[in-house]
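Take a look at the structure below.
Source: prediction; values computed, not measured.
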Amino acid sequence: MIQSMMAVLLALPLVAYAGGGMNGGMNSIKQQLQVDANGGKVVVKLTLDNASGKPVYVPKAVYADKQIFRREFAITDAATGAEVDYTGPMVKRGPFTKDDFIAVKPGHKISHAIDITRSYDFKPRHTYKLSYTGGYLGDASKVEAVSAAVVPAVTFTFGPAR
């Protein structure tokens, strides 16, 4: 039997819109993080809900790709705080461009689940803490102006019960 915890945490329901031109107002950009460690896999699901009046742009690396190619998530052993090694492929790349992002229209939501089981050195019967600094753009032409929205850490247990 696989022991796991499904965790859902909402991050910063109101985050300042990057890219300017907001006349001092705030937009509602909600990011949600879930981890499902059932069936011997660790699947991370990210959701961004754009309740603002303008499009935002999220990285394809975590919102569309089937595999990660760098350490996208900070994962630690929940008991010791020791960092879990990233064991997935590392791909060297140039600076980000607008093609590295997906548009999320105003009033729309985007969700994507990605299996990270083979990307990190998970040990059986361990409890982990996973965090993600979710980045998005308010203006696709200004890739250097990524807004960070720290999504609170999620704790989950991986591996068969004792």
Side-chain angles (χ1 to χ4, degrees), residues 1-16 18 29-50 56-104 109-138 140 142-162:
M1 175 179 210
I2 301 298
Q3 176 185 23
S4 71
M5 260 173 35
M6 176 67 86
V8 178
L9 295 172
L10 294 179
L12 304 174
L14 292 174
V15 178
I29 308 296
K30 298 177 184 175
Q31 285 195 308
Q32 182 180 13
L33 173 65
Q34 298 174 305
V35 176
D36 183 357
N38 286 313
K41 293 184 178 185
V42 178
V43 178
V44 176
K45 181 179 179 185
L46 290 163
T47 302
L48 182 133
D49 186 2
N50 181 7
V56 295
Y57 303 84
V58 295
K60 285 181 182 178
V62 293
Y63 279 97
D65 290 347
K66 294 183 188 281
Q67 179 179 1
I68 57 175
F69 294 99
R70 66 181 188 156
R71 181 184 294 274
E72 296 287 352
F73 306 102
I75 303 174
T76 58
D77 183 300
T80 66
E83 188 174 341
V84 176
D85 290 332
Y86 175 77
T87 58
M90 290 289 286
V91 175
K92 280 193 161 208
R93 50 163 291 125
F96 286 103
T97 69
K98 66 180 180 178
D99 293 333
D100 294 312
F101 294 86
I102 300 168
V104 182
K109 183 187 291 189
I110 186 171
S111 292
H112 182 64
I114 190 164
D115 183 348
I116 64 166
T117 311
R118 294 185 181 188
S119 298
Y120 291 86
D121 189 20
F122 294 112
K123 305 290 186 220
R125 291 179 283 209
H126 269 73
T127 300
Y128 296 98
K129 184 183 272 189
L130 181 144
S131 60
Y132 173 67
T133 302
Y136 64 90
L137 297 174
K142 297 179 180 176
V143 295
E144 71 284 352
V146 174
S147 290
V150 179
V151 181
V154 174
T155 302
F156 66 95
T157 300
F158 175 75
R162 293 179 182 196

Scanning both residues in full, the closest heavy-atom pair of Thr155 with Ala78 reads CG2-CB, 4.5 Å
What is the minimum heavy-atom distance between Tyr63 and Gln31, and which atoms define it?
OH-NE2, 3.1 Å
Got a second to check how far Ile116's CD1 is from Ile75's CD1, nearest 0.5 Å?
4.0 Å
Measure from the side-chain N and O atoms of Lys45 to the backbone N and O of Ser111, and report whether any donor-acceptor pair falls under 3.5 Å.
no
Grab the two heavy atoms, one from Pro89 and one from Gln67, that are nearest each other, plus how far apart they are.
CG-NE2, 3.1 Å
Listed by chain and number, what are the side chain to side chain donor-acceptor pair (under 3.5 Å) partners of Asp115, not counting sequence neighbours?
Thr117
Using the side-chain contact (heavy atoms from CB on, under 4.5 Å) rule, take Ile114 and Val62 through it: C-alpha gap first, then chi angles, then the decisive distance, then the call.
CA-CA 7 Å; Ile114 190 164; Val62 293; 5.8 Å; no
So, for Asn50 and Val104, which heavy atoms are closest and what is the spacing to 0.1 Å?
ND2-O, 2.9 Å
Please report the interatomic distance OG1(Thr157) to CZ(Arg125), rounded to the nearest 0.5 Å.
12.5 Å
Keeping to residues at least two apart or across chains, list the ring-ring contact (aromatic ring centres under 6.0 Å, His included) pairs with something in residues 70-102.
Phe73-Tyr132, Tyr86-Tyr120
Rounded to the nearest 0.5 Å, how far does NZ of Lys129 lie from CG of Asp77?
11.0 Å
Let me confirm one number: the OG1-NZ distance from Thr47 to Lys30, rounded to the nearest 0.5 Å.
12.5 Å
Under 4.5 Å between any side-chain heavy atoms of Ser119 and Glu72, yes or no?
no
Looking at CZ of Phe122 and CZ of Phe156, how far apart are the two atoms once the value is rounded to the nearest 0.5 Å?
4.5 Å
Val42 side chain reached by Val35 side chain, heavy atoms, under 4.5 Å:
yes
Is there a side-chain contact (heavy atoms from CB on, under 4.5 Å) between Val58 and Leu46? Walk through the geometry before answering.
CA-CA 11 Å; Val58 295; Leu46 290 163; over 6 Å; no
Please name the pair of heavy atoms, one in Pro95 and one in Asp100, separated by the smallest distance, quoted to 0.1 Å.
O-OD2, 4.3 Å
Output for pair (Gln32 CD, Lys109 NZ), nearest 0.5 Å, gives 7.0 Å
Closest approach of Met90 to Arg70 (non-hydrogen atoms, all atoms of both residues):
SD-CA, 3.8 Å
Which residues pass the side-chain contact (heavy atoms from CB on, under 4.5 Å) test with Ser131, not counting sequence neighbours?
Ala74, Ala153
How about Val84 and Thr76: do any of their side-chain heavy atoms sit closer than 4.5 Å?
no
